[in-house]
Chemist: 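Okay, handing you the structure first.
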Amino acid sequence: MQRRVFLLAAAVTAASAAKLVQAGTNETPISAKKFEFHPAEVHLKLGQPAILVLTSEDRIHGFKVPDLGLRAEIVPGQETRLALTPDKAGRIVFLCDVFCGDGHEEMEGILIVEA
Amino acid sequence: MLPQDRREFLKLSGMAGVAFASALFPGQPTSAQAADFHFIQFSDTHWGYKGPANPDAEHTLEKAVATVNALPNQPDFIVFTGDLTHTTDDAAERRARMRRFREIVSALRVKDVRFMPGEHDAALDKGEAYKEFFGAPYYTFDHKGVHFIALDNVSDPAAKLGDEQLTWLAADLKQRNAEDRIVVLTHRPLFDLMPSWDWTTADGAKAIELLMPYRNVVVFYGHIHQEHHQNTGHIAHHAAKSLIFALPAPGSQPKRAPLQYDAASPGQGLGVRDVAMAPTAKLTEIGVAGA
């Protein structure tokens, strides 16, 4: 049985958080496995609420976005939902921060926030 | 946080290295209470690594041991600040690497050797194999009036010290006076050096907060495979070179991939460090002979 975990990003305002529960919020699935995220490049729209739906194919991984102060653990068999509203255009690195083996250091991706 | 003044670097004659002249203990820069001594820091030996970043990986550690054994002024003791071995998913191979590592470093002339884990040693099994070979992953010891604290920020794969260790640290520090000389040894940086490259400790700020009341604290760490000096307040943090391959300066390139191996200068970026604990305290970076 899957457990759904909601993590509201610190960057999400009360107003945008309210919008998240509305139907139609963009959901982007990201799967993790040693030693990659798929997709490793995720496009988001500036100011548009989004939910990253994180799953793991093999073991516990981390999902950390240092520039946004976001972090979650991705547990196999669970779906971790990470909500955010990008407030700045640009490229934002995300990475696995749970050591997962020889290749862990290369396990990263990028959020591309488009105006 | 400000990088320490690079002008303090002094060229040394007669040693394959550069000295970082620094008041290690800002509260007592010229009034050392303890006898002079020095120790050597090895870091990130990654025994078992095979790859293009160091085609000579099978021999680099032995060369480093020989380099230190050849020093005319042998250190009081030696510390290894983690990533003794390169990670493997195979638990038997992990133990084989630790066994071989221990055999190689047993050739050190100095027999007082202190080990610490890195994430490559301990994160996949929460330190189980490491403890079998090298004992407790965090501990203290005292040497000639200086209190050493070895912290473990790697056995938790999420790079945390954890509440239990932080409570232990707080209890140990309560026994110190504000002027005591304290050296902290860690694998990962306790501060946010480069979080997007995972060069941080998740709860390292809590350890730094505990250390801040003490005026004479210095931290030595590894993990980032290069010499680096930075302060958090009055506390200096000094990263050591590795003995397997060099990594780029923080943020200097898009990815933290190893620097390319240079066959013409195979030991470039590798080395050990001598730390002299005296009123004229200084760090001396020592290249590996023959590497």
Side-chain angles (χ1 to χ4, degrees), chain A residues 5 7 9-11 30 32-37 39-42 44 52 54 56-76 78 80 82 84 86 88 90-113, chain B residues 44 46 48-51 53 82-83 85-91 93-94 97 117-127 130 153-160 187-188 192-204 223-225 242 244-245 247-248 250-251 253-258:
Chain A
V5 181
L7 296 173
I30 300 177
K33 67 177 182 182
K34 296 190 294 186
F35 301 99
E36 61 186 15
F37 291 104
E41 186 175 301
V42 174
L44 301 174
L52 305 179
L54 311 173
S56 172
E57 298 178 25
D58 47 18
R59 70 185 307 285
I60 294 178
H61 291 284
F63 185 88
K64 184 176 182 180
V65 193
D67 287 352
L68 298 181
L70 299 178
R71 183 185 184 274
E73 290 197 356
I74 318 173
V75 180
Q78 299 182 9
T80 299
L82 193 61
L84 72 160
K88 192 166 65 176
R91 299 165 66 86
I92 304 170
V93 170
F94 62 86
L95 68 153
C96 175
D97 70 343
V98 173
F99 188 82
C100 53
D102 192 4
H104 164 75
E105 288 89 349
E106 287 82 48
M107 190 170 172
E108 62 183 20
I110 193 150
L111 305 176
I112 299 177
V113 181
Chain B
D44 296 87
H46 284 263
Y49 168 84
K50 289 183 174 64
D83 282 355
T85 59
H86 197 72
T87 194
T88 169
D89 287 349
D90 182 336
E93 174 62 16
R94 182 177 306 125
R97 291 181 185 185
E119 75 278 3
H120 277 253
D121 305 303
L124 290 186
D125 66 0
K126 294 184 167 55
Y130 175 86
N153 50 10
V154 298
S155 292
D156 182 329
K160 292 178 187 168
H187 177 66
R188 305 171 67 103
D192 285 346
L193 171 58
M194 186 76 186
S196 61
W197 284 5
D198 204 23
W199 288 358
T200 184
T201 298
D203 52 1
H223 190 57
I224 69 168
H225 293 213
S242 86
I244 194 68
F245 52 73
L247 288 170
Q253 59 185 51
K255 293 180 182 290
R256 56 183 153 166

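Just so we're on the same page: letters track the sequence lines, and every chain starts at 1.
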Chemist: What distance do B:W197 atom CH2 and A:L95 atom CG have between them, rounded to the nearest 0.5 Å?
Modeler: 12.0 Å

Chemist: So, for B:R256 and A:E105, which heavy atoms are closest and what is the spacing to 0.1 Å?
Modeler: NH2-O, 2.8 Å

Chemist: With a 4.5 angstrom heavy-atom cut-off, is it the side chain or the backbone of B:H120 that approaches chain A, or both, or neither?
Modeler: both

Chemist: Please lay out, stage by stage, how A:V93 and B:K255 fare under the test side chain to side chain contact (heavy atoms under 4.5 Å, CB included).
Modeler: CA-CA 10 Å; A:V93 170; B:K255 293 180 182 290; over 6 Å; no

Chemist: Assess whether side chain to side chain contact (heavy atoms under 4.5 Å, CB included) is satisfied between A:H104 and B:D198, documenting all intermediate values.
Modeler: CA-CA 10 Å; A:H104 164 75; B:D198 204 23; 3.6 Å; yes

Chemist: What residue in B:D89, B:T88, B:L124, B:V154 has the most heavy-atom pairs under 4.5 Å with chain A?
Modeler: B:L124

Chemist: Can you tell me how far OG of B:S196 sits from CG of A:D97, rounded to the nearest 0.5 angstrom?
Modeler: 12.0 Å

